[in-house]
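Numbers here are sequence positions counted from 1. All ligand and atom numbering here is 1-based and tracks the order in the structure.
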Amino acid sequence: MSQKRIRTRYAPSPTGYIHIGNVRTALYADFVAKQAKGDFLLRIEDTDQSRYVEGATESLCKTLKLLDLEPNEGVWLDDDGKIIQRGDHGPYIQSERKHIHQEYAKKLIEMDKAYYCFCTAERLDEVRKMQELTKRPTGYDGHCRDLDPTEVTKRLEAGESHVVRLKLPKEGSVTVNDVIRGEVTFDWNLIDDQVIIKSDGMATYHLAAMADDHDMEITHVIRGEEWLSSTPKHIFIYQAFGWDLPVFAHLPLILNHDKSKLSKRQGDVAAEIYLDKGYLPKAMINFLALLGWNPTADREIFTHKELIDLFNLSKVNKAGAIFQIDKLNWLNNHYLREIDEQSYFDLVLPHLNAYKEDDNFKKRVAILYRERMTLPAEITEQSKYLFTEKLNYSEVQITWKDHSKLEAKERLEAAKIWIEQINDSKEFNSSFIEEYIKSMIQENGWGNGDTLWPLRVSLSAQEKSPSPFELIAVYGKKMSIQRIDQALAQML
Ligand code: GLU
């Protein structure tokens, strides 16, 4: 028998942003497909019209594009930024499949696997209240499950508002076989007769997604853990039609440090916000891929290609994964150091726009902070002193430990003279300057600390800053001397 072509999908609802956890879902689906040289599809699940957000699909595709998560089939953007649908299993926008879903619902009714339900919202409300009052489990009471077919026809012909519900077994159990969780068994008597067609004629997720997954020949349904408890209904639909079940993989939740579900209240959950803040796509992919899975215990840095090659769905942890922002920050710092210099400047220089110095100076500042930065925007504050015309030394101690002002002044005056003598064009790099200043220290019989501390503080007016050699290299001769003069003047 020939092996089925592996096909996975990412099936977001266009709600306006992509939850960071869903990016991981998309990544894993992408890994499984690409590793097997199969297909990765993007399907837009927009059957809940009340949640429709204008432009959400476009922005969703843009975000996926930025994250290098391009599907080879389904919904995408053309070069002009317009939505297109590619592939021969379309349409890939779920609302455009309304008639297909309705046909499937009809077939289920014909097979006695689903039924029309005419219960009004008021009735359902009363049923629920009564169940609550009598402390019984809430849920649909099966009122329309066995209506007389002629009555049903009459009520339909009269145009009475209705939904379609699955006619689920009332006893026994069903076992879901999940790649990550193994076998999970559910009792049917705890599962409600799910609505599959709403009164507006649109299918709910449960029918729409299963019908589409089947029609689109999806082999692996990779989705969030929140869908695990609905899987019995999905298996019921597959089995009613006699379809082969896909592989199910329910990914664990992403949690805050306190183990609560990562939610908007506790922090940012929209992938777009991370991109806007300057987290690099490579850092985000690396970080998210390792939330709940790690191919080796001894490495944290992986390229997208390596992740594809190494991924193993069955090795994903069952337990929720903690979202450690420190780790994302660390990875971002790593990737900021890795990108080419021009891309780095493109990201960072806009954050120095407020300062009037020339571009070469700004570039030197940007390089100075490259190793010290988590997010590009940090540089505005971090480097402010470098752009401040007159520094204020009142908050810092210029002298070294118990050294006197006189001793500090002596070293600063000497440094000025030495700096003055550096060859402006050839020797102005921090390693030359380091060697040079250290020879000055040696010649005078001074100590490193008692010379370099006052020098560094006079250049920065900061408790902590890059080394004096790096600062001199960034400032250049003239400005370094000016800074030392400023410090000397305030030491009077
Ligand atoms: N539209 C569903 C969601 O956004 C998709 C779940 C699935 O992948 O099947 O949660």
Examine R9 against ligand 1 and note whether any of their N/O atoms are separated by less than 3.5 Å.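 In this structure, R9 places an N or O atom under 3.5 Å from an N or O of ligand 1.
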- Message: For ligand 1, which is the ligand I care about here, please tell me if S13 has any N or O atom under 3.5 Å from one of the ligand's N or O atoms.
- Response: yes
Both conditions, 6.0 Å and 45 degrees, for the charged tip of R155 above the ring of Y116: are they met here?
no
The salt bridge (charged side-chain N to carboxylate O under 4.0 Å, His left out) partners of R337 (sequence neighbours excluded) come to none
Assess Y10 for proximity to ligand 1: is some non-hydrogen atom of it under 4.0 Å away?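 Flag not set, Y10 not near ligand 1.
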For ligand 1, which atoms have a heavy atom of W227 less than 4.0 angstrom away?
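Listed by number with element, the hits are 6 (C), 10 (O).
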Counting from 1 in the order shown, the ligand 1 atoms closer than 4.0 Å to a non-hydrogen atom of E45 are 1 (N), 2 (C), 5 (C)
Considering only non-hydrogen protein atoms, determine which one is nearest to atom 7 (C) of ligand 1 and report residue, atom name and distance to 0.1 Å.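 Closest protein heavy atom to atom 7 (C) of ligand 1: Y205 OH, 3.2 Å.
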request  = Specify the protein heavy atom at minimum distance from atom 3 (C) of ligand 1: its residue, its atom name, and the distance to 0.1 Å.
outcome  =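 Answer, as residue, atom name and distance: A11 O, 4.0 Å.
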Can you check whether H220's main-chain N or O pairs, donor with acceptor, with R7's side chain at less than 3.5 Å?
no
Checking ring pair (Phe, Tyr, Trp, His ring centres under 6.0 Å) between Y279 and each of W330, Y274, Y335, F287, which is the one that passes?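 Considering W330, Y274, Y335, F287, a ring pair (Phe, Tyr, Trp, His ring centres under 6.0 Å) with Y279 is found only for Y274.
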When every non-hydrogen atom of L66 is compared with those of L275, the smallest separation belongs to CD1-CD1, 3.9 Å
Problem - For ligand 1, the portion of A209 having any non-hydrogen atom under 4.0 Å away - result: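 A209 to ligand 1: no contact under 4.0 Å from either part.
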The side chain to side chain contact (heavy atoms under 4.5 Å, CB included) partners of K464 (sequence neighbours excluded) come to none
